[in-house]
Amino acid sequence: MLKRVGVQEIFLPKKVPSDPTFRSASVDWSEDERLTIPKEDLALLNAADWYEEADPDAWRIANKHFQLVFFIVLNTHFFRSVLRHFDGAKVWRTYGLSDPPLSYARLLSLFGWRKEPSWSARGAGSLWFGQAYSHLADVEPAWLAERAIYLPAGLHDTEIQDDWIGSDRRIFFVCPDLAFNTYYQDVYRNFKRTFAGLPYVVAGAQPVRIPDNHVLGYVSSEQHRHNMRSFAAMYYHSSEPNHVHYHPFEAVRAGMPLVFMGGGLLDRLGGLELPGRCKTPEEARSKVERILAGDKRLIDQIRQSQAVLLDALKSEKCEPSWRAGIELILKRTAEERPEVLSSRKKRIAVILPVAYRGGSLRGAKLLAHAVAIGSRQFGSPVDVVFGHLDDPASYPDREFDDLPGHIERRAFHWRTMSQSEALRACAYAGTEAPLSRTTYAVPDDGINQFIDCDLWIFVSDRLQFPILPVRPHLLMVYDYVQRYVPIMNETANQRCIDRAHAAEAIMVTTEFTANDARQFAGLPARKVKKVPLLVPEFGATDGSARDEPTSSEYFIWTTNLALHKNHENALEALRLYYEEYDGRLECHVTGVDTDKLFKRNLPHLMAVRKIHRASTAVQTGLKTEGDLPDSVYRRKLRDAAFLWHPGLIDNGTFSVVEAASFGVPALSSDYPAMREIDRQFELGLTWSDPNDPADMASRLKQMETAQRSTPRSEVFARHSLDRSAGEYWQVIQEFL
């Protein structure tokens with residue numbers, strides 16, 4: 001049909017789903033010969049998996065060479081990918097659903113279970129509902145029905161072959177996938193109940209063998225044509241008003257008598273008055289019995305009249321609607337001028353959802369900076385907005401002295417809304433889809449709730465309520481410590497997992513956390529994006545690293561009060577270090593709330609307080625300094641003998657990288673994420689067992705005099721923000 005209306009260059013995807021029920025895969029490579037696009041572009045298009053989610057490079061080439069894309073929806077992430085990345089007209093090809101109450105809009109919601117919609121009517125301006133039958137949009141919501149275009153289904157060959165013999169006096173019934181498809185299983189049960197005692201065969205592919213002598217299974221094309229000539233009659237079961245299968249038309253074309261149930265789509269195609277139409281199963285059985293008995297009068301009536309079912313499917317009948325439809329699509333697409341809409345500079349919000357400080361705050365600021373740098377490097381500069389809670393105590397202005405001036409900063413508070421309020425908010429924002437949760441949250445900046453941003457990136461999965469789905473969002477997830485340490489109850493854990501599933505994707509910085517995301521949180525691999533660990537540019541990069549080993553009288557333990565920081569074992573190791581190994585270096589504890597280490601009545605800190613009270617040596621050697629300003633911390637780190645990281649398990653800490661950038665060695669607990677960081681930055685860390693205080697103490701003593709090498713400046717240059725930012729942008733641009 002496309003060629004009849006003037007479209008001559010057509011690309012057909014070659015990779016198709018492996019699901020045996022997928023029946024839209026009859027393609028070959030012949031159309032490639034007619035394409036005038038460069039061979040290297042064609043090779044990339046052929047390598048892409050279009051039914052899952054093609055990468056941005058494939059979409060870039062598609063945009064360069066093609067004006068229209070025709071697609072079906074197998075999953076929501078593909079649907080979102082089409083809407084985001086293809087600039088031309090997007091024609092959703094629809095052939096009707098077998099369940100009349102089910103609409104295509106509702107199907108999207110079912111596909112998006114555990115997620116929330118991130119498409120919008122506004123974003124779908126060049127989306128068309130390419131219905132194969134003119135009434136399919138009648139049950140769709142306005143945002144989809146208003147984009148309906150009639151592109152009728154047809155048959156390439158509608159000539160009556162009329163070589164039917166009918167010598168095999170059995171019913172020919174098509175019913176595939178009987179081993180696992182509940183729809184066809186019900187159809188087959190009803191068929192056997194209606195035609196009990198009559199001879200029949202069942203055609204249709206059966207990927208799993210069926211122990212039923214009536215079932216033919218897969219046959220060759222030649223055998224199928226022979227069957228269409230030989231069997232006495234075809235029975236077609238469906239009375240579905242919005243969908244029809246292909247095989248009834250095959251029977252008509254072959255001249256085989258077709259007995260079918262009324263009330264379905266065949267009625268719309270001319271079947272209302274046909275003698276093969278039946279109102280009840282009893283009537284169908286009666287007509288089939290007459291045919292099997294050789295009732296020539298009925299057979300001739302059915303065969304001579306049923307050709308009308310092919311009329312609406314003839315190419316010459318379909319062509320006017322296709323021509324008008326394609327012309328309208330191209331005209332509207334040109335008028336909407338997506339190139340003008342897409343020329344607006346994009347804006348991305350990097351949002352800290354909780355009052356994080358210390359390393360988490362530093363990492364969020366680095367992420368915001370990386371987004372800005374990466375977008376410029378790839379020629380698509382964006383505006384970046386940094387969002388944090390409106391909490392002056394946690395976020396005094398001095399905390400953002402290192403935030404580049406071109407990054408806007410906004411304070412916000414969380415606003416929750418009921419489902420009904422969320423529905424209205426989504427409608428105002430142009431998002432059209434059912435919402436399944438009772439409560440939603442949106443970051444309220446007092447202006448427009450960050451809706452002026454095209455993408456939200458939350459630097460945590462610790463979100464109390466689902467995010468209002470008015471914008472696509474990503475999560476930066478640093479770890480799943482709760483898999484290893486009981487830091488939260490099951491309800492809180494499930495909440496974190498649900499938030500990750502609802503996001504477009506999550507970003508992680510180690511393979512250790514990527515594995516946890518897939519295995520523990522159950523995220524599909526395509527949603528887990530590994531990006532480099534971002535580290536501040538100071539120390540070796542700004543010439544302030546020390547040149548010689550220091551004679552410092554202290555080492556630094558940077559931590560916080562979280563359970564997985566391993567305080568009890570660390571304090572016991574310090575006691576052994578001072579009392580049994582005659583340790584001479586002071587331990588200076590820094591980090592958020594560490595000045596309250598022996599004051600908080602947290603259950604996991606009780607033993608810590610007990611060790612501290614019982615050991616004069618620990619009281620003398622350990623100094624708690626709390627959360628230091630960055631400038632003070634850097635000076636202190638530069639002059640330290642070494643850095644100590646005794647944590648139990650997490651995504652790794654870049655405090656050891658910061659230390660190395662100043663030429664300061666580090667003693668670290670030995671666990672997978674830290675091993676990754678050690679390899680990435682060639683740190684040469686010294687290791688200790690976080691579960692063995694005696695081993696930790698002996699390693700502390702070793703660090704007093706050990707001369708450890710730290711990375712050369714060129715190693716840090718390879719992992720600079722400028723080098724790493726591009727990898728972040730390559731992930732983020734997929735979701736704009």
Side-chain angles (χ1 to χ4, degrees), residues 115-116 118 346-375 382-397 399-400 402-404 406-417 422 425-426 429 431 439-479 495-496 498-509 527 529 531 534 592 725 728-729 731-736:
K115 311 174 187 69
E116 296 293 355
S118 59
K346 301 286 187 179
R347 183 176 288 123
I348 296 175
V350 176
I351 301 172
L352 264 176
V354 184
Y356 289 128
R357 291 151 57 198
S360 296
L361 173 59
R362 189 179 299 119
K365 291 186 288 188
L366 286 169
L367 173 57
H369 199 182
V371 172
I373 293 172
S375 66
V382 298
D383 291 328
V384 180
V385 176
F386 186 86
H388 61 82
L389 289 178
D390 190 2
D391 180 1
S394 297
Y395 297 120
D397 290 342
E399 286 283 6
F400 301 96
D402 56 346
L403 192 68
H406 57 81
I407 295 178
E408 178 188 347
R409 179 162 65 95
R410 294 185 194 172
F412 72 90
H413 66 271
W414 282 108
R415 178 183 176 186
T416 58
M417 55 185 65
C426 288
T431 301
T439 305
Y440 289 84
V442 63
D444 189 349
D445 56 7
I447 307 170
N448 56 14
Q449 292 79 44
F450 290 89
I451 292 179
D452 60 326
C453 299
D454 300 280
L455 177 68
W456 298 344
I457 305 175
F458 293 98
V459 188
S460 178
D461 57 359
R462 305 302 200 263
L463 298 162
Q464 181 72 20
F465 298 104
I467 299 300
L468 183 71
V470 291
R471 290 293 179 269
H473 70 276
L474 308 177
L475 300 184
M476 188 82 211
V477 178
Y478 287 111
D479 57 55
R495 185 164 59 233
C496 292
D498 287 346
R499 301 300 173 264
H501 278 270
E504 301 286 340
I506 71 166
M507 294 185 289
V508 301
T509 59
K527 291 188 67 169
K529 310 291 185 179
V531 290
L534 297 176
V592 176
Y728 277 78
W729 180 248
V731 169
I732 290 166
Q733 68 175 343
E734 294 182 34
F735 305 99
L736 284 173

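We number each residue from 1, following the sequence as shown. Both backbone and side-chain heavy atoms feed into the values below; hydrogens, waters and symmetry mates do not. Just so it is clear, the model here is predicted, and its values are computed rather than measured.
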S.K.: Can you tell me how far apart CG (D402) and CG (L366) are? Round to the nearest 0.5 Å.
M.R.: 8.0 Å
S.K.: Between A372 and H406, what is the shortest heavy-atom contact and its length?
M.R.: CB-CE1, 3.6 Å
S.K.: How close do P353 and S460 get, counting heavy atoms only, and between which atoms?
M.R.: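 Distance-wise, the nearest heavy atoms are CG-CB, 3.7 Å.
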S.K.: Can you find a pair of side-chain heavy atoms, one from D452 and one from R347, that are under 4.5 Å apart?
M.R.: yes
S.K.: A side-chain contact here means heavy atoms from C-beta on lying under 4.5 Å apart; do L475 and L463 qualify?
M.R.: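 They are in contact (side-chain heavy atoms under 4.5 Å apart), so the answer is yes.
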S.K.: If every non-hydrogen atom of M417 is compared with every non-hydrogen atom of A422, which pair is closest and at what distance?
M.R.: SD-CA, 3.7 Å
S.K.: How many angstroms lie between atom CG of L474 and atom CE of M507, to the nearest 0.5 angstrom?
M.R.: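 The CE atom of M507 is 5.5 Å from CG of L474, to the nearest 0.5 Å.
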S.K.: Short question: side chain of K365, backbone of F386 - any donor-acceptor pair under 3.5 Å?
M.R.: no
S.K.: Quick one: does Y395's side chain have a donor or acceptor within less than 3.5 Å of a partner on R357's backbone?
M.R.: no
S.K.: Would you call the rings of W414 and F412 parallel, tilted or perpendicular if under 30° counts as parallel and over 60° as perpendicular?
M.R.: perpendicular
S.K.: Before giving the answer on side-chain contact (heavy atoms from CB on, under 4.5 Å), spell out for D397 and R409 the whole-Å C-alpha distance, their side-chain angles and the decisive distance to 0.1 Å.
M.R.: CA-CA 10 Å; D397 290 342; R409 179 162 65 95; 3.1 Å; yes
S.K.: Considering non-hydrogen atoms only, spot the tightest contact between Q449 and V442 and give its length.
M.R.: CB-CG2, 3.7 Å
S.K.: Mind listing the closest non-hydrogen atom pair of S375 and V382 along with its distance?
M.R.: OG-N, 3.2 Å
S.K.: Is there a side-chain contact between W456 and I467, using heavy atoms and a 4.5 Å cut-off?
M.R.: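 They are in side-chain contact.
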S.K.: Can you label the angle between the H388 ring and the F400 ring as parallel, tilted or perpendicular, going by 30° and 60°?
M.R.: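 If you compare the ring of H388 with that of F400, the planes turn out parallel.
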S.K.: Hey, what do you get for CZ (F450) to CZ (R471), rounding to the nearest 0.5 Å?
M.R.: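 If we round to the nearest 0.5 Å, F450:CZ and R471:CZ are 13.0 Å apart.
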S.K.: Using side-chain contact (heavy atoms from CB on, under 4.5 Å), reason through V531 and T509 one step at a time and then give a plain yes or no.
M.R.: CA-CA 5 Å; V531 290; T509 59; 4.3 Å; yes
S.K.: Rounded to the nearest 0.5 Å, how far does CZ of R410 lie from CG of D390?
M.R.: 13.5 Å
S.K.: side-chain contact (heavy atoms from CB on, under 4.5 Å), that's the test. Do F735 and I348 meet it? Break it down for me.
M.R.: CA-CA 11 Å; F735 305 99; I348 296 175; over 6 Å; no
S.K.: First locate atom CD of E504, then atom CD1 of I457, and finally report the distance between them rounded to the nearest 0.5 Å.
M.R.: 11.5 Å
S.K.: Test K346 against every option in D454, I732, V384 by the side-chain contact (heavy atoms from CB on, under 4.5 Å) rule and name the one that passes.
M.R.: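 Running side-chain contact (heavy atoms from CB on, under 4.5 Å) over D454, I732, V384 with K346 returns exactly one hit, D454.
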S.K.: Got a sec: does the CZ of R415 have more than 12 other heavy atoms crowding it under 6.0 Å?
M.R.: no
S.K.: May I ask you to decide if Q464's main-chain N or O and R499's side chain share a donor-acceptor pair within less than 3.5 Å?
M.R.: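 Looks like yes, one N/O pair under 3.5 Å.
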S.K.: Between Y478 and V459, does the side-chain contact (heavy atoms from CB on, under 4.5 Å) criterion hold? Intermediate values first, please.
M.R.: CA-CA 9 Å; Y478 287 111; V459 188; 3.8 Å; yes
S.K.: Can you see which heavy atom on L389 is nearest to which on V354, and at what distance?
M.R.: CD1-C, 3.8 Å
S.K.: Rounded to the nearest 0.5 Å, how far does NE2 of H413 lie from CG of D391?
M.R.: 13.5 Å
